Amino acid sequence: MTANPYLPFPCRLDGIEVENEERDIKTFKLAFLEAEHAKAFAYMPGQFAELSLPGFGEAPFGIASSPTEAGFVLFSVKRVGVFTSELHASECGRLVGVRGPLGKAFPWEAMQGKDLVVVGGGFAFTTLRSAIVYALDEKNRKDFGTITVIYGARTPGELLYRSDLDAWSARKDIELHVTVDRGDEAWKGHVGVVPKILEQTAPKADRAMAIVCGPPIMIKYTLPVIDKLGFSPKTTVLSLENRMKCGIGKCGRCNIGPRFVCVDGPVFTREELSALPQEY
Amino acid sequence: MRTKSIPDKRIADMVEALQARASVIGPKRSADGTLRLGKIESADELEIDYRNSILSPKSVFFPQRETICALEGERVVDVPLPDGPIVLLGIRPCDSSAIQALDKVFLESSPQDPFYARRRELCTVVSFACTRPESTCFCTAVQGGPGHVHASDVLVLESDGELLLRPHSEKGEQLLESIDGLLGDASQKAIEKAETAIEQAAERIDSFTLDGVAESLQGAWESDIWTRIGQQCIGCGVCSYLCPTCHCFDISDEVQKDEGSRVRAWDCCAYPLFTLHASGHNPRASRRERWRQRAMHKFHYGLTNYDRFLCVGCGRCIRNCPVNVDLRSVLQEVRS
Ligand SMILES: Cc1cc2nc3c(=O)[nH]c(=O)nc-3n(C[C@H](O)[C@H](O)[C@H](O)COP(=O)(O)OP(=O)(O)OC[C@H]3O[C@@H](n4cnc5c(N)ncnc54)[C@H](O)[C@@H]3O)c2cc1C
Ligand code: SF4
Ligand code: SF4
Ligand code: FES
């Protein structure tokens, strides 16, 4: 008999980091109670999991840690409703259910040997952090050409993962462009929306794959730039969100045309998306 | 095994023999006079001279509400699988086809749903060929027919004063063996008579076809038919609750004082909250998009993903829609 696919692994909340000035995004560090569960939760950057607290339900979140960071998993969660508010109100030591890993990862096989261009905006940067940490890991770095990251937020206070950004900007093997819509006195980086900075940076497309994640408005203005730079529908990768419950292709709510975002996605190439209706 | 027969007057004995080994679920009158599927407590309750039940048999395998995990304090723990053999007696071929449709989702797409899988394993399906199609039936347009076997372990045909029983799986053979003392061999004449009745029934069924409907639907994404149907539909959800193939569900926690259950319950694509994002964005914001999803799911995505329609032509949604939305005319219009 198959195991119950709705049963989460118990994890202990081991660390909580407030990510932004608004204080509505926190990164939660979770540790599996059982070593065999940690092993069963073998994931790749781009995948997601369902987190749950008894009585407050379940919700899907992209995995923000990289499989190269052993011993814990990270999720960065914005407070918006019932489950996310309860998680935000939680303290270390509380048990959180983790069900997954779910969905498809970024196309790591196709990205082997390529230059990587990572374009992110707002708090959709979570699985992009996972991808960058993974690609920069000493065991993996040789598998990729240049790595260019363009990441934007509205204000400096809304940038996630400040210590990672500092560490990356000190490295020679990654080109990092962090930008904000509006700066402040202390801000010395780019000012301007993501598509504009992408256009200025103009990473080469001929040997590259681009991963683009962000709010719909950013995606809308970024894709024309991606086209102009010469990326093809095959080499441009997006990650989608839809309301989800089961995460395993059964409850029927997350589909776009005949594809389920939970099992056929959330990662899709633009080529795959072009075959689907624009219902997302 | 050959076709077996049992005289009408011994049907009650057969039901009793089955009750000795399993819980028997079949069509019976409920207190309000409607015909529903339910547990047959005494053999004379079973009613086989009927058109179709109001509710479909899907709840036998996929209950309207079901606990999928137990909640104990901070822990989420596993729950035991259902137990005890079931005989589902007297469903129509359309509803048997619907079981195959649900199998695609819960059994044949990885990961399997263990609750559904266990109930399918525990259940022997005995369906009755149909000689009483209604004006709203259209099984023949959706890969079915009044004598089709589909997911049935035994198919029963009606002849003069007797029932003819044909096993179609190992489970079916075992079931007939277990009541062998009550059965005789069916005569060739009786078989021919029963088969003729089924052919005649097939001829009485609405002759419309759905050839090419998936392609038509693909080209009809922006059709204004969705706007019109969306305005007519009141979003009550009756069509999906009664539909034998609709399988969408919600998952929620029900807790009292630290103890409770994580429950899945039937849900419906006609409801606005079904796809509402936490951000407030809704990819299917109006009934136009929601009705389009219903039609696309059953008559286009089903063929793409499972090589079959996710509709069996039972007509329940047509008979029970409070504002007379008729799926058939929607599809006809899309095709023309
Ligand atoms: C693949 C994927 C990855 C994701 N990754 C992340 C991530 O990394 N980080 C992140 O923060 N989020 C992520 N999300 C989004 C996240 O899943 C949602 O924010 C989360 O489900 C919200 O859960 P909640 O229980 O807090 O909100 P809910 O309480 O479910 O609802 C939030 C809002 O929805 C509305 N609402 C809900 N129920 C009703 C009702 N009955 N009537 C009216 N309005 C209602 C309300 O306006 C409410 O404020 C991801 C989603 C997907 C699909
Ligand atoms: S039964 Fe009729 S009114 Fe109700 S949701 Fe279905 S089509 Fe709409
Ligand atoms: S869509 Fe209507 S006719 Fe088709 S199976 Fe469902 S209830 Fe029956
Ligand atoms: S979340 Fe249930 S089908 Fe995708």
Side-chain angles (χ1 to χ4, degrees), chain A residues 1-10 12-13 33 50 52-60 78-84 90 93-99 102 215-216 240-261 263-264 275 277-280, chain B residues 68-79 81 105-106 109-118 121 218 221 246-256 258-262 264 267 269 273-284 289 292-293 296-297 300-305:
Chain A
M1 210 71 218
T2 41
N4 186 345
Y6 305 103
L7 194 68
F9 297 130
R12 195 184 49 246
L13 188 46
L33 295 189
E50 290 271 352
S52 68
L53 292 166
F56 301 91
E58 267 193 317
K78 187 177 166 97
R79 191 181 64 233
V80 293
V82 176
F83 171 78
T84 51
S90 302
R94 186 167 184 181
L95 294 189
V96 178
V98 177
R99 186 158 70 83
L102 301 169
L240 302 185
E241 282 185 15
N242 245 356
R243 185 159 183 154
M244 292 182 182
K245 285 286 176 175
C246 71
I248 52 173
K250 311 226 180 289
C251 78
R253 77 191 58 229
C254 72
N255 69 297
I256 299 173
R259 298 276 154 258
F260 290 114
V261 176
V263 291
D264 301 311
Q278 290 266 330
E279 195 179 49
Y280 45 89
Chain B
I68 51 176
C69 300
L71 305 174
E72 295 174 1
E74 282 199 299
R75 297 264 178 174
V76 185
V77 299
D78 211 351
V79 286
L81 290 174
V105 178
F106 291 116
S109 309
S110 175
Q112 258 189 11
D113 185 281
F115 304 99
Y116 180 90
R118 170 53 74 87
E121 196 178 286
Q218 208 162 6
W221 188 258
C246 275
H247 62 80
C248 293
F249 59 85
D250 188 22
I251 300 178
S252 58
D253 285 3
E254 297 178 2
V255 182
Q256 269 184 337
D258 270 11
E259 299 255 309
S261 338
R262 184 156 291 160
R264 75 154 156 222
D267 203 344
C269 62
L273 295 184
F274 189 65
T275 48
L276 179 69
H277 290 198
S279 65
H281 170 66
N282 194 342
R284 292 184 211 134
E289 292 83 41
R292 179 170 64 194
Q293 160 67 16
M296 292 283 172
H297 186 207
H300 169 15
Y301 308 157
L303 288 175
T304 306
N305 290 339

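Values below: all heavy atoms of this structure, side chains included; hydrogens, waters and symmetry mates excluded. All values derive from a computational prediction rather than experimental measurement. Throughout, protein chains are lettered first and strands after them, A, B, ... in sequence-line order, and every chain is numbered starting at 1.
Here B:Arg284 is the residue among B:Arg75, B:Arg284, B:Gln256, B:Glu72 with the most heavy-atom pairs under 4.5 Å with chain A. Interface remark: of the candidates A:Pro10, A:Ala59, A:Ser52, A:Ser52 forms the most heavy-atom pairs closer than 4.5 Å to chain B. Annotation: maximal heavy-atom pairing with chain A below 4.5 Å, among B:Asn282, B:Val76, B:Val255, occurs at B:Val76. Your options are B:Asp267, B:Asp253, B:Thr275, B:Val77, and the one with the most heavy-atom pairs under 4.5 Å with chain A is B:Asp253. Taking chain A as the reference chain and counting heavy-atom pairs below 4.5 Å, the highest number among B:Cys248, B:Ala278, B:Gly260 is found for B:Cys248. Each of A:Arg253, A:Lys245, A:Gln278 has some count of heavy-atom pairs under 4.5 Å with chain B, and the biggest count is that of A:Arg253. Contacts with chain B were tallied for A:Asn255, A:Val96, A:Val263, A:Thr84; A:Asn255 has the most, counting heavy-atom pairs under 4.5 Å. Highest contact tally toward chain A, considering only B:His300, B:Glu254, B:Glu289, B:Gln293, is held by B:Gln293 [criterion: heavy-atom pairs under 4.5 Å]. Between chain A and the residues B:Val79, B:Ile68, B:Thr304, the largest count of heavy-atom pairs under 4.5 Å involves B:Ile68.
For A:Phe83, no part sits under 4.5 Å from any heavy atom of chain B, backbone or side chain. Residue contact with chain A, scored on non-hydrogen atoms closer than 4.5 Å, involves the backbone and the side chain of B:Leu276 alike. Neither the backbone nor the side chain of A:Ile256 comes within less than 4.5 Å of any heavy atom of chain B. For A:Cys246, the parts lying near chain B are the backbone and the side chain together; criterion is any non-hydrogen pair under 4.5 Å. A:Phe56 touches chain B through its backbone: at least one of N, CA, C or O sits under 4.5 Å from a heavy atom, while the side chain does not.
Residues forming a side chain to side chain donor-acceptor pair (under 3.5 Å) with B:Tyr116 (at least two apart in sequence, or on another chain): B:Asp103. Residues passing the side chain to side chain donor-acceptor pair (under 3.5 Å) test with B:Arg264 are A:Tyr6, B:Glu66, B:Asp113, sequence neighbours excluded.
Looking only at distances, a side-chain donor or acceptor of A:Lys250 sits under 3.5 Å from a matching main-chain atom of B:Pro111. With B:Asp258 contributing its side chain and B:Gly73 its backbone, the two residues share no donor-acceptor pair below 3.5 Å. The closest donor-acceptor contact from the side chain of B:Arg292 to the backbone of B:Trp221 lies under 3.5 Å.
By the 4.5 Å heavy-atom criterion applied to side chains, A:Pro60 and A:Leu102 are not counted as neighbours.
Ring orientation note: the planes of B:His281 and B:His277 are nearly perpendicular, at an angle over 60° on the 30°/60° scale.
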